Amino acid sequence: MPELPEVEVTRRSFADRIVGARVQAVRIGKPLRWPLGCDPASLVGRAVRGVRRRGKYLLVDLDRGVLLMHLGMSGSLRFDQDMPQAALHDHFDLVTSQGVLRLNDPRRFGAVVYCDSETAPEAVKLLGGLGVEPLEGQFDLDAFHAALKKRKAPIKQVLLAGDIVVGVGNIYASEALFLAGIRPTVSAARISRPRAARLHAAIRDVLARAVAKGGSTLRDFSNADGQAGYFQLEAMVYDREGEPCRVCGTPIRMIRQGQRATYFCPHCQKH
Ligand SMILES: [Zn+2]
């Protein structure tokens, strides 16, 4: 599943190239998770002002309105001047004067939703509950620790919920908890200030490094240029069940938390 770094890498791979483009046509394939929410023809002639990211949503700002794009479980975006004919899993094309932005999404949990503005009810429904951005200044340690203190659930699940801080998905939650030396099953409320500080730093570190590396290819991720990411080469615990911890040699363990696989080192990560 594309997580925050993959979405950010995708954004960076086409944002500069699409700015200033005019929409020439919109092609819709099979239904996605949510409908577009406007007549596709009404987008023709609008200009692309920029591409931002909020959590795992890309916001394609038009001179009037905004397209919210989500990659779902299996989506990927490509932006190219010479795009081949749409294939089976290509479900959305934004044809512009500078190239075609195409969503390929075999499982169709992704979506493209048009909103008149970011404050429109449909936008607020999707973006309103998101926590702070982990890579920006607003991700404040005091607020983070205070929010953790209010949650009794295991820290891994609190991170995944995304309402305290966005974008810490399954891979990066496991990796950040390893770096911070915290067992994923520990109640968030029991995490001390020094440990919260380590976790806060680890979240920023692991996400920033993943973005720098071009995201993860664990789910066949590629950016809008079609280039693969390399983060998985560096994973400390994720998907390494039974393999020796890279720090202490203890076999990495895998447990299930709320249907999701969690990986940790029983020696390096304390209760
Ligand atoms: Zn270890």
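When reading the values below, keep in mind they use all heavy atoms of this one structure, side chains included, and skip hydrogens, waters and symmetry mates. Please read these numbers as outputs of a predicted model, since none were measured by experiment.
Annotation for L135 and A208: closest pair CD2-N, 3.9 Å, computed over non-hydrogen atoms. When all heavy atoms of L207 and G167 are compared, the pair lying nearest together is CD2-O, 3.9 Å. Scanning all heavy atoms of the two residues, the minimum distance from A176 to V206 falls at CB-CG1, 4.0 Å. Residues V211 and P5 share a closest heavy-atom pair of CG2-CA, 3.7 Å. Closest heavy-atom contact between I171 and E3: N-OE2, 3.0 Å. Residue P134 comes nearest to V165 through the heavy atom pair CB-CG2, 3.5 Å, listed as atom of the first residue, atom of the second, then distance.
Atom CZ in F139 sits 9.0 Å away from atom CD1 in I164 (nearest 0.5 Å). The CD atom of E6 sits 8.5 Å away from atom NZ of K56, with the distance rounded to the nearest 0.5 Å. Rounding to the nearest 0.5 Å places NE2 of H145 at 12.5 Å from CG of D140. To the nearest 0.5 Å, the span separating CG on N170 from CD on Q259 amounts to 11.5 Å. With values rounded to the nearest 0.5 angstrom, H89 atom NE2 is found 11.0 Å from S76 atom OG. Distance check, rounded to the nearest 0.5 Å: CD1 of I18 to OG1 of T96 gives 5.0 Å.
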Q: Any chance you could lay out the salt bridge (Lys or Arg N to Asp or Glu O under 4.0 Å) test for R209 and E175, step after step, and finish with the verdict?
A: CA-CA 11 Å; R209 276 191 295 127; E175 292 295 306; over 6 Å; no

Q) Given the rule in the side chain to side chain contact (heavy atoms under 4.5 Å, CB included) test, do V237 and Q269 qualify, once you have shown the distances and angles that lead to the verdict? A) CA-CA 11 Å; V237 290; Q269 295 175 256; 4.2 Å; yes

Q. Going through the distances and angles, do R151 and D163 end up as a salt bridge (Lys or Arg N to Asp or Glu O under 4.0 Å)?
A. CA-CA 12 Å; R151 304 293 179 88; D163 55 343; 2.9 Å; yes

Q: Show your reasoning for whether side chain to side chain contact (heavy atoms under 4.5 Å, CB included) applies to S187 and I155.
A: CA-CA 6 Å; S187 165; I155 180 60; over 6 Å; no

Q. Can you check side chain to side chain contact (heavy atoms under 4.5 Å, CB included) on L199 and F144, steps first, answer last?
A. CA-CA 10 Å; L199 181 57; F144 178 58; 3.9 Å; yes

Q.
One pair to check against side chain to side chain contact (heavy atoms under 4.5 Å, CB included): V60 and V66. What are the steps and the verdict?
A. CA-CA 6 Å; V60 178; V66 56; 5.7 Å; no

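Using a 4.5 Å cut-off between side-chain heavy atoms of Ile, Leu, Val, Met, Phe, Trp and Tyr, with links allowed through other members, M254 and L179 fall into the same hydrophobic cluster. Residues L101 and M83 do not share a hydrophobic cluster, defined by chaining ILVMFWY side chains whose heavy atoms lie under 4.5 Å apart. Clustering ILVMFWY residues whenever any of their side-chain heavy atoms sit less than 4.5 angstrom apart, transitively, puts L36 in the very cluster that holds L77. At a threshold of 4.5 Å between side-chain heavy atoms, the hydrophobic network of Ile, Leu, Val, Met, Phe, Trp and Tyr places V44 and V113 in two separate groups. V26 and V100 fall into different hydrophobic clusters, defined by Ile, Leu, Val, Met, Phe, Trp and Tyr side-chain heavy atoms under 4.5 Å apart, directly or through other members.
Salt bridge annotation for E133-R54: present, with a cationic side-chain nitrogen under 4.0 angstrom from a carboxylate oxygen. With respect to the salt-bridge test (charged N to carboxylate O, under 4.0 angstrom), the residues E118 and R52 qualify.
Listed by first and then second residue, the salt bridge (charged side-chain N to carboxylate O under 4.0 Å, His left out) pairs that reach into residues 178-201 are D142-R193, sequence neighbours excluded. Applying the salt bridge (charged side-chain N to carboxylate O under 4.0 Å, His left out) test to residues at least two apart or on different chains, the pairs with a partner in residues 86-105 are R27-D93, D90-R102, D93-R102. Applying the ring pair (Phe, Tyr, Trp, His ring centres under 6.0 Å) test to every pair with at least one member in residues 21-58, sequence neighbours left out, gives these pairs: Y57-H70.
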Could you tabulate the donor-acceptor pairs under 3.5 Å formed by side-chain atoms of residues 260-268, not counting sequence neighbours?
unit_1, atom_1, unit_2, atom_2, d
T262, OG1, K156, NZ, 2.6
T262, OG1, Q257, OE1, 2.7

Side-chain donor-acceptor distances from residues 119-128 under 3.5 Å, at least two apart:
unit_1, atom_1, unit_2, atom_2, d
T119, OG1, S117, OG, 2.9

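With hydrogens and angles disregarded, a donor-acceptor distance shorter than 3.5 Å links the side chain of S97 to the backbone of R22. Judged purely by atom type and a 3.5 angstrom limit, H271 has no side-chain atom pairing as donor or acceptor with the backbone of T185. Listed for the R240 side chain is no donor-acceptor partner under 3.5 Å among the backbone atoms of C245. A donor-acceptor pair under 3.5 Å links the side-chain atoms of D63 to the main chain of A47, judged by distance alone. Remark: side-chain polar atoms of R33 are not paired, donor with acceptor, to backbone N or O of G110 under 3.5 angstrom.
In this structure, Q81 places its CD atom where only 12 or fewer heavy-atom neighbours from other residues, nucleotides or ligands lie under 6.0 Å away. Counting non-hydrogen atoms of neighbouring residues, nucleotides and ligands closer than 6.0 angstrom, the CG atom of D205 exceeds 12 such neighbours.
Residues passing the side chain to side chain contact (heavy atoms under 4.5 Å, CB included) test with D116 are Y114, sequence neighbours excluded.
The closest side-chain heavy-atom distance from L59 to L67 is not below 4.5 Å. Residues L62 and L43 are in side-chain contact: their nearest non-hydrogen atoms beyond the backbone lie under 4.5 Å apart. The closest side-chain heavy-atom distance from V166 to V132 is not below 4.5 Å. Using a 4.5 Å cut-off on side-chain heavy atoms (C-beta onward), L58 and L71 make no contact. Using a 4.5 Å heavy-atom threshold, the side chains of N104 and R78 count as separate. Counting only heavy atoms from C-beta outward, the side chains of M236 and V247 approach each other to under 4.5 Å. Side-chain atoms of E241 and R253, non-hydrogen and from C-beta on, never get closer than 4.5 Å to each other. Between F14 and D80 the shortest side-chain heavy-atom distance does not fall below 4.5 Å.
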